[in-house]
Protein chains: 2
Amino acid sequence: MSIAVKILVVDDEAQIRKFLKSSFAGTEYKVIEAEDGQTALRLAGTEMPDVILLDLGLPDIDGVDVAKQIREWSQVPIIVLTARGHEDDKVEALDAGADDYLTKPFSVKELMARVKVMLRRTLGNAAAEPVVEFGDCKLDLAARLVYKNDEVLKLTPIEYKLLAFMAKYADKVVTHKMLLSDVWGPGYDFEVQYLRVHMKNLRHKIEDEPANPQFILTEAGVGYRLVTKG
Amino acid sequence: MSIAVKILVVDDEAQIRKFLKSSFAGTEYKVIEAEDGQTALRLAGTEMPDVILLDLGLPDIDGVDVAKQIREWSQVPIIVLTARGHEDDKVEALDAGADDYLTKPFSVKELMARVKVMLRRTLGNAAAEPVVEFGDCKLDLAARLVYKNDEVLKLTPIEYKLLAFMAKYADKVVTHKMLLSDVWGPGYDFEVQYLRVHMKNLRHKIEDEPANPQFILTEAGVGYRLVTKG
DNA sequence: TGAACATTTACATATTATTTAATTGTATGA
DNA sequence: TCATACAATTAAATAATATGTAAATGTTCA
């Protein structure tokens, strides 16, 4: 990656913007700033950032709407920043198309890691691969088969659908709602218990240590995330 | 993919035609008949046979002339049948464009062999034959034949279509819907019971232990999968 | 008409999904 | 820090579906 990666930071607090800008100083990243939703939408279009860090508490437009509007024309990864106490918003934002979230206060280290993961998806391999790998598992979407150590795993239809959906959003957070609507259809948004049971069963087939999952991670109160980085 | 090999038998003796037809019954070959030269020329044009077995003693046109006329526009292999005592004619026929000859009486085995040689010459080099193997079975898509331990299996049309479709997607899961639409056509998407019955019958012909299938695997709630790799 | 094949029916078995309930883990405010 | 409420994991029971099978009934074609 020779050209600098452009990060759009959207936050109304100048202090936060400054903090983030200095955090990325001296790295391969270039930070541009927006202090409100209007500016964010404009810069998202003109500057073509590689990643957007979006605070939800903006003075003019609701952060969720900003995410929604950007998603209408762009696939740029959006990482949502929420303050503790306003955590309901993040689920809404994820449903609106955001890719990941961080709760303030967060460590720079973790932020960097999340940004890197997002970039690997978009810059690394643009074409959607028909095969997703994680650990010693391999998901062949074309063949509709899942392997663990080159042996075909026996998954039920629901288990497969759940895994395939998470794989589609590899390394990104998928909300309960997204999973429930995709697998069970509309009207099942609140049957979170279904997810818990099936995720447990999935983990027992995929994870080496189901009680300490390495691939299917729980995002408490939000959803799940399939980790593919090795 | 070629359909069954078509053989045009040209002979004025109904007994001979019947004999040849029964000889090829139950094989990959389909026999059509002509009892005189006129009919032979017409069928050679309309039916597009893959091989022509031509008796030289025809009531209306001289067999040699039939061969000559066909050669004016077609390269279809012509095997001439001559009775002992009229063996001079065969030289003439070969000069006229015939490819091979057999002297009556001839054995079915020899006839088959000669036909195969002819077919290899025309069809063989056309394209590498698509063959799918699994266990001790072999599916020859070009010849439309299925072997188990080198013996030809007798499959019904539906059974063959099902197997061929699964072979096309070898080692991948094919859904009930895919199979039903391909074999029965649109509008049969829900007749899963058809599949169950025919798959059971297929397994009884292909599998060593139909109750514990090794090749035609069930993907519960989804479809089936033909395993071709060990 | 008989033979080969396809469809339909009925039912035992196998596989999945859902529900329930007990337990453990985690976030958060006093 | 601790208590508390909520969320998540887990196992086990029950319900719902899917599958394989055999056997009866149609259908087609020579």
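The shown structure was predicted, so the numbers you read here are calculated from the model rather than taken from an experiment. Throughout, protein chains are lettered first and strands after them, A, B, ... in sequence-line order, and every chain is numbered starting at 1.
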Does D:dA7 have OP1 or OP2 sitting under 4.0 Å from an N or O in the side chain of A:R196?
no
Between D:dT19 and B:E219, counting only base atoms on the nucleotide and side-chain atoms on the residue, is there a donor-acceptor pair under 3.5 Å?
no
Which part of the nucleic acid, if any, lies within reach of B:Y188 when heavy atoms closer than 4.0 Å are counted: base, sugar-phosphate only, or nothing?
nothing
Strictly below 4.0 Å: does A:T218 bring a side-chain N or O up to OP1 or OP2 of D:dA7?
no
Would you kindly check whether a donor in the side chain of B:Q193 faces an acceptor in the base of D:dT19, or vice versa, at under 3.5 angstrom?
no
Nearest-nucleotide pick for A:P157, side chain only, options being D:dT19, D:dA8, C:dA17:
C:dA17
Member of A:K154, A:H198, A:K205 meeting the side-chain hydrogen bond (donor to acceptor under 3.5 Å, both in side chains) criterion with A:E159
A:K205
Side-chain N or O of B:Y194 versus OP1/OP2 of C:dT8: is the shortest distance under 4.0 Å?
yes
For C:dT9, does the base pair up with any side-chain atom of B:E191 as donor and acceptor (N or O, under 3.5 Å, distance only)?
no
When you measure from the side chain of A:R17 to the backbone N and O of A:E35, does any donor-acceptor pair fall under 3.5 Å?
no
If the threshold is 4.0 Å, N to carboxylate O, is there a salt bridge linking A:D208 and A:K148?
yes
Closer to the 5' end of DNA chain D via nearest nucleotide, is it A:H204 or A:A220?
A:A220
Looking only at heavy atoms, the pair that brings A:G63 and A:L58 closest together is CA-CD1, 4.4 Å
